[in-house]
Peer 1: 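Here's a structure for you.
Order of the sequence lines sets the chain letters (A, B, ...), proteins ahead of strands, with each chain counted from 1.
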Amino acid sequence: MLPKLKKTINTNSSSEVDPFYWNEENFSKVFDEYYSSLCFFSNKYLEDMDLARSLVQEVFVDLWTKRENIALKYSVKSYLYTAVKNRSIDYLRTVRKNVKLSAVGDCQLETPFRDALEEAELNDRINKSINELPEKCREVFVLCRFEGLKYSQIAEKLNISVKTVEMQMGIALKKMREKLSDIQLVKLLLCIFSKKK
Amino acid sequence: MSENHIDILIGKALSGNATPGELAELKELKKQSQEYTEAYTQSQKIWQHAESWISKGDIQQDKIKTQGEINKNLFRQIRRSKRLLSIYKLAAILAFPIALAISLLLMKQNQEDVLLVSTTTEITAPTGHIAKCKLPDGTEVWINSGSTITYDASGFGSDTREVSLNGEAYFEVFKDRQKTFFVRTPLADVKVTGTSFNVKAHSDSQSFETVLSEGSVELDLKRQGQELLKMEPGERVIYEKAQGKVLVQQVDPELFSSWRNGEIIFKDATLNDLANELERIYGVRFRFEDPNMAGYRFRGMFSYSNNLIDALEKIKVTAQVDYYIENKEVWLKKRN
């Protein structure tokens with residue numbers, strides 16, 4: 001274990017900075033960049049967001065504590081997505097062995113890695129844009145989209161008028177469109193570009 | 001028509017709150033303008049791909065949790081490697097007396113009149129661990145983390161029983177009125193026949209203290225014109241060399257020997273006392289962001305089996321301070 005620590009220090013002192021070198025700053029950077037997106041990615045397999053979250057956390061913990069087994073021939077991103085994918089599938093195989101994989105689950109396992117990754121990134125961008133909405137706006141959108149409440153129910157719950165709910169929903173969608181339009185455009189361009197190749 | 005009328009319509013349509021009339025109106029608007037069609041398509045995409053939500057707060061919480069878990073595991077690894085180290089230490093400790101015994105035996109067989117060689121045995125409790133040992137006369141000694149006792153193995157028990165101490169140890173001395181038992185430290189000696197007591201005399205500090213649990217002991221403080229000081233059970237004697245002060249207190253002896261069972265109890269201690277103890281136990285350095293914090297009062301109980309993070313969490317709750325770890329140093333800071 002001690003030689004391992006030494007190795008870590010060596011890697012860090014060389015010109016190529018080890019992205020998994022343990023310090024709070026390094027961890028913070030990698031976590032902020034990939035965590036939520038990885039959760040959405042894992043959720044594609046597990047279809048259970050809470051489970052996906054704890055699974056991704058485990059991957060992060062392992063990454064920094066069992067790092068001697070990690071060959072850094074991958075980029076940080078591809079390492080993380082591969083690790084999360086493998087672990088998610090392992091989970092489905094072992095824990096849900098007895099439960100027959102649902103038709104949807106089977107289908108999800110077949111989803112090509114690239115597509116799932118891109119889809120997860122899109123989910124994450126949308127998630128970020130939801131989190132950036134003004135508070136009232138976000139509250140209304142979340143209740144409507146994720147709790148499936150009707151406008152009248154939301155109005156009652158938040159003690160506001162149905163008219164306000166309508167307005168807030170409109171603002172939420174507009175703001176999110178503005179946030180996402182350029183990203184989608186870039187994505188579209190990339191798609192065309194790779195197809196030409 | 002207000003500016004955001006189209007947005008409201010789109011929202012209603014996507015969430016299933018639109019009336020048939022409103023749906024028809026939206027359809028008509030889309031037909032009229034390319035811009036509206038685009039707005040609808042994009043909104044629809046957002047609606048469909050927003051399949052689940054993780055709030056900012058949740059992400060932050062998960063981050064702190066993960067970070068804590070990693071810290072915990074890293075410390076566990078360091079402790080594990082230390083534990084391995086302590087097994088080697090134990091082997092080294094055992095090897096020496098065995099080798100000594102064999103050589104003495106061989107020497108005795110060869111020449112009966114050989115003088116006994118003066119050989120010292122040294123026992124150190126590794127950082128984070130308590131060592132318990134039995135001296136040749138049956139006396140039991142608990143040695144606190146990082147402390148050392150030394151005694152002359154060959155001469156032990158011939159006329160007197162003598163042990164040198166650097167650090168903290170608890171003695172349960174085997175009763176033998178003929179052979180007086182001495183604990184020697186740089187600042188004071190403790191003279192006993194049979195009794196239980198705790199001695200704390202770190203060579204790097206200018207103070208000596210002992211707490212008597214039962215029986216009686218006599219202290220020989222190494223300063224001029226000092227007679228032997230006789231102690232009663234439940235008494236704590238502190239000798240500060242710098243001020244030349246001797247302080248006698250009535251205490252609960254249990255508080256001062258609780259470390260034997262792997263627990264340390266702090267009662268009205270300062271944060272500085274606490275940091276010193278934890279430094280000895282976990283082999284890390286503590287630093288205060290604000291030097292005034294060293295004087296904060298603290299009470300609580302720690303267990304040696306706790307890891308450092310558990311201990312820090314406890315301090316955080318009881319002493320109203322926060323901590324962070326940087327370069328193997330623990331920084332304590334005021335809570336805002």
Peer 1: Given that the side chain runs from C-beta out, which part of A:Glu58 has a heavy atom under 4.5 Å from chain B: side chain, backbone, both or neither?
Peer 2: neither
Peer 1: Under 4.5 Å, heavy atom to heavy atom: which of residues 148-163 of chain A reach chain B? Give them by number, or say none.
Peer 2: A:Lys150, A:Tyr151
Peer 1: So what's closer than 4.5 Å to chain B heavy atoms on A:Met176: side chain, backbone, both or neither?
Peer 2: both
Peer 1: Once rounded to the nearest 0.5 Å, what's the spacing between atom OG of B:Ser43 and atom CZ of A:Arg177?
Peer 2: 4.0 Å
Peer 1: What heavy-atom pair brings B:Thr66 and A:Gln57 nearest, and what distance separates the two atoms?
Peer 2: OG1-CG, 3.3 Å
Peer 1: Starting at CD1 of B:Ile46, measure out to CD1 of A:Ile130 and round the result to the nearest 0.5 Å.
Peer 2: 9.0 Å
Peer 1: Of all of B:Gln60, B:Glu51, B:Glu69, which one pairs up most often with chain A through heavy atoms under 4.5 Å apart?
Peer 2: B:Glu51
Peer 1: Could you tell me whether B:Gln32 atom CD has more than 12 heavy atoms of other residues or ligands within 6.0 Å of it?
Peer 2: yes
Peer 1: Where does B:Ile325 contact chain A at under 4.5 Å (heavy atoms): side chain, backbone, both or neither?
Peer 2: backbone
Peer 1: If you look at every heavy atom in A:Asn131 and B:Ser55, which pair is closest and at what distance?
Peer 2: OD1-CA, 3.7 Å
Peer 1: Please check: side-chain N/O of B:Asp7 versus main-chain N/O of A:Lys174, any donor-acceptor pairing under 3.5 Å?
Peer 2: no
Peer 1: Step through the shown structure and confirm whether more than 12 heavy atoms of other residues, nucleotides or ligands are within 6.0 Å of NZ on A:Lys128.
Peer 2: yes
Peer 1: Do A:Asn127 side-chain atoms and B:Trp53 backbone N/O form a donor-acceptor pair below 3.5 Å?
Peer 2: no
Peer 1: Between A:Glu119 and B:His49, is there a side-chain heavy-atom distance shorter than 4.5 Å?
Peer 2: yes
Peer 1: Determine the option with the most heavy-atom pairs under 4.5 angstrom with chain B, choosing from A:Val165, A:Asp124, A:Val61.
Peer 2: A:Val61
Peer 1: Considering only heavy atoms, which portion of A:Val142 lies under 4.5 Å from any heavy atom of chain B: side chain, backbone, both, or neither?
Peer 2: side chain
Peer 1: Mind checking the CG-CD spacing from A:Leu173 to B:Gln44? Nearest 0.5 Å is all I need.
Peer 2: 11.5 Å
Peer 1: Would a 4.5 Å heavy-atom cut-off, applied to side chains only, mark B:Ile54 and A:Arg53 as touching?
Peer 2: yes
Peer 1: Do A:Arg145 and B:Trp47 form a cation-pi contact, if we require the NZ or CZ to be under 6.0 Å from the six-membered ring centre and within 45 degrees of the ring's axis?
Peer 2: yes
Peer 1: Does any non-hydrogen side-chain atom of B:Ser52 lie less than 4.5 Å from one of A:Asn43?
Peer 2: yes
Peer 1: For A:Ile171, enumerate each residue passing the side-chain contact (heavy atoms from CB on, under 4.5 Å) test, keeping only those at least two apart in sequence or located in another chain.
Peer 2: A:Cys137, A:Gln168, A:Lys175
Peer 1: Are A:Glu166 and B:Lys12 close enough that some pair of their side-chain heavy atoms sits under 4.5 Å apart?
Peer 2: yes
Peer 1: I need the contact set between residues 31-42 of chain A and chain B: heavy-atom distance under 4.5 Å, sorted by residue number.
Peer 2: A:Phe31, A:Asp32, A:Tyr35, A:Ser36, A:Cys39, A:Phe40
Peer 1: Give, for atom OG of A:Ser28 and atom CD of B:Gln67, the distance between the pair rounded to the nearest 0.5 Å.
Peer 2: 6.5 Å
Peer 1: Rounded to the nearest 0.5 Å, what's the gap from CG on A:Leu180 to CD on B:Gln42? Could you check?
Peer 2: 8.5 Å
Peer 1: Counting only non-hydrogen atoms closer than 4.5 Å, does B:Gln48 touch chain A with its backbone (N, CA, C, O), its side chain (CB onward), both, or neither?
Peer 2: backbone
Peer 1: Take atom CD of B:Glu35 as the centre, draw a 6.0 Å sphere, and report whether it contains more than 12 heavy atoms from other residues, nucleotides or ligands.
Peer 2: no
Peer 1: Report the distance from atom CE of A:Met169 to atom CD1 of B:Ile8, rounding to the nearest 0.5 Å.
Peer 2: 11.0 Å
Peer 1: Holding to side-chain contact (heavy atoms from CB on, under 4.5 Å), I want the full list of residues that pass it with B:Ala24, two or more places apart in sequence or in another chain.
Peer 2: none
